[in-house]
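Since the structure comes first, as structure tokens, the remarks are kept for the end.
A note on names: the letters A, B, ... follow the listed sequences, proteins ahead of strands, and every chain is numbered from 1. Because the structure is predicted, anything quoted here is derived from the model rather than measured.
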Number of protein chains: 2
Amino acid sequence: MTLPANKRIAESTVRRLSMYLRYLEGLDGVGQLTASSDELAHLCGTTPAQVRKDLSFFGSFGKRGLGYPVHELTERLREILGLGHAWQIVIIGAGKIGSALAEYRGFRQRGFQVVGVYDKNPEKIGRAWGDATVRDMESLAVDVAEQRVDIAVIAIPADDAQDVVDKIVAAGIRAILSFVPTSLHVPPHIAVKTVNMAMELEGLSFALTNRAD
Amino acid sequence: MTLPANKRIAESTVRRLSMYLRYLEGLDGVGQLTASSDELAHLCGTTPAQVRKDLSFFGSFGKRGLGYPVHELTERLREILGLGHAWQIVIIGAGKIGSALAEYRGFRQRGFQVVGVYDKNPEKIGRAWGDATVRDMESLAVDVAEQRVDIAVIAIPADDAQDVVDKIVAAGIRAILSFVPTSLHVPPHIAVKTVNMAMELEGLSFALTNRAD
DNA sequence: ATAAGTTTGTGAAGTATTTCACAAGCCTCC
DNA sequence: GGAGGCTTGTGAAATACTTCACAAACTTAT
């Protein structure tokens with residue numbers, strides 16, 4: 001088992017690993033046996049040195065003069081990223097975005113299984129959404145006690161977010177993917193990632209405004 | 001006009017400015033007159049020194065002993081981020097995600113106006129989506145010549161992405177927000193931001209797997 | 001077997017970003 | 001109007017991340 005030692009791995013490195021994996025799966029699918037850091041770098045939009053450095057944190061997978069074995073590296077990366085088993089996720093917030101997420105193919109394709117959809121709005125509770133039925137937010141804690149939930153995806157109004165997050169944490173879920181444009185306060189052992197579309201758009205607005213002409 | 005000098009502004013700084021702005025708008029809304037770097041830092045989940053450093057790139061907006069004037073700083077940040085006028089965006093890809101985006105309130109609330117929705121699937125062309133009608137992807141170039149488009153948001157299958165991006169660039173659009181889990185190749189003067197949900201989830205998977213217990 | 005040609009793995013160097021720490025400035029109160 | 005209490009703005013230090021550059025190791029060709 002390639003343990004990441006006691007070194008802290010940079011978030012940017014993990015993001016790139018995820019990208020390497022995606023392209024390696026593609027190469028594996030078409031039967032390519034090896035890939036060089038140069039090839040991976042071009043595919044992923046980074047540099048060969050970066051690829052080698054990223055991978056070297058976890059061991060030496062390549063063969064000098066030849067490159068990396070595609071299939072084996074794919075499996076190693078899955079292992080490193082913890083994709084060996086299906087993570088179970090719940091979606092909280094049965095609005096537009098929650099809806100798109102619940103039906104999003106990419107989740108299941110990559111091993112994330114939606115095991116529940118929650119909302120606090122009585123009008124939405126009980127409706128069928130994809131495979132699941134929308135359940136009352138209040139029953140989350142009880143449900144989690146019966147069926148393991150690894151990750152909560154929240155797509156709810158900003159004003160409700162901290163309350164909901166507190167309930168998620170209290171229920172024992174240790175990872176949150178947030179689509180809420182607010183900073184969330186959680187204990188240090190909880191992993192949080194935020195997707196903030198407004199922030200990305202404003203980044204583009206800044207780039208367009210302050211471009212070097 | 002607070003020009004960002006000739007210094008390059010880090011992307012992370014821009015993201016935080018966007019977050020400061022969001023909270024300042026809230027404070028302005030409830031009539032708070034000043035805010036210290038300490039208060040902003042706590043709201044945004046960063047440090048006071050970071051707040052001061054970020055803002056100092058653009059000028060000195062605060063008053064020692066007192067903090068930053070909420071309303072004025074709000075306006076300054078809008079200006080810096082280029083939010084003074086409405087940016088016009090098109091959404092390309094009338095699928096689940098494109099749909100959620102087209103109806104997403106957050107866009108218009110923050111000054112981004114959806115002026116068109118495009119797809120290449122004949123079955124989808126012509127349908128009404130929110131305020132707009134889905135148009136043929138092929139007519140993008142002609143449409144852009146008639147009505148300014150600042151940003152293209154793409155929510156399409158990965159295999160189509162590079163083709164579509166090339167058309168976007170050829171049409172003269174200079175900023176792209178991508179929901180496609182692929183690296184895109186564009187000329188250097190084009191600004192691209194990518195939102196990759198699978199990557200975020202895998203980041204959580206990594207965190208859960210390699211947590212410090 | 002040897003030479004030529006690749007490509008990895010990795011310290012070291014270079015850049016970028018964050019944090020520190022404190023002088024300087026402003027407000028308030030006496 | 002001077003003293004005390006905050007809070008900014010910012011060089012300098014610390015930390016984090018990326019790129020360089022090259023020895024070592026492997027493959028292939030002859």
Shortest side-chain distance from T47(B), nucleotide among dT7(D), dA21(D), dT19(C): dT19(C)

Electrostatic pair E25(A)-R110(A), nearest N-O below 4.0 angstrom: yes

Check: dT7(C) base within 3.5 Å donor-acceptor of R64(A) side chain: no

Side chain T209(B), main chain I80(A), donor-acceptor under 3.5 Å: no

Candidates dT18(C), dT8(D), dA21(D) - which lies nearest the side chain of R52(A): dA21(D)

For atom NE2 of H42(A) and atom P of dT7(C), their distance in whole Å: 12 Å

dC17(D) phosphate, OP1 or OP2, under 4.0 Å from R8(A) side-chain N/O: yes

side-chain N/O S37(B) vs dT8(D) OP1/OP2, d < 4.0 Å: yes

Pairwise 5' ranking along DNA chain C for L55(A) and G65(A), keeping only the more 5' one: G65(A)

Short side-chain donor-acceptor distance under 3.5 Å, D143(A) and Q147(A): no

Whole-Å distance separating the CG atom of L40(A) from the P atom of dT6(C): 19 Å

Length of the CG-C1' vector between D54(A) and dG9(C), whole Å: 13 Å

Nucleotide dA16(C), atom C1' - distance to CZ of R16(B) in whole Å: 12 Å

Atom-to-atom span, CD1 of I9(B) to P of dT17(C) - whole angstrom: 10 Å

Rounded interatomic separation in angstrom, taking OH from Y68(A) and P from dC26(D): 14 Å

d(CG, L17(B); P, dT17(C)) in whole Å: 13 Å

Proximal nucleotide (of dT8(C), dT10(D), dT8(D)) relative to the K53(B) side chain: dT10(D)

Candidate nucleotides dT19(D), dG9(D), dC26(C), ranked by approach to the side chain of K63(B) - the nearest: dC26(C)

Q50(A) side chain, from C-beta outward: closest of dC27(C), dT17(C), dT19(D): dT19(D)

Plane angle bin for H85(A) and W87(A) - parallel if under 30°, tilted between 30 and 60°, otherwise perpendicular: tilted

Whole angstrom value for the distance that separates C1' of dA16(C) from CZ of F57(B): 10 Å

Short side-chain N/O contact from S56(A) to OP1 or OP2 of dT8(C), under 4.0 Å: no

Audit row: E202(B), F112(A), side-chain contact (heavy atoms from CB on, under 4.5 Å) steps and yes/no: CA-CA 9 Å; E202(B) 285 169 19; F112(A) 297 88; 4.3 Å; yes

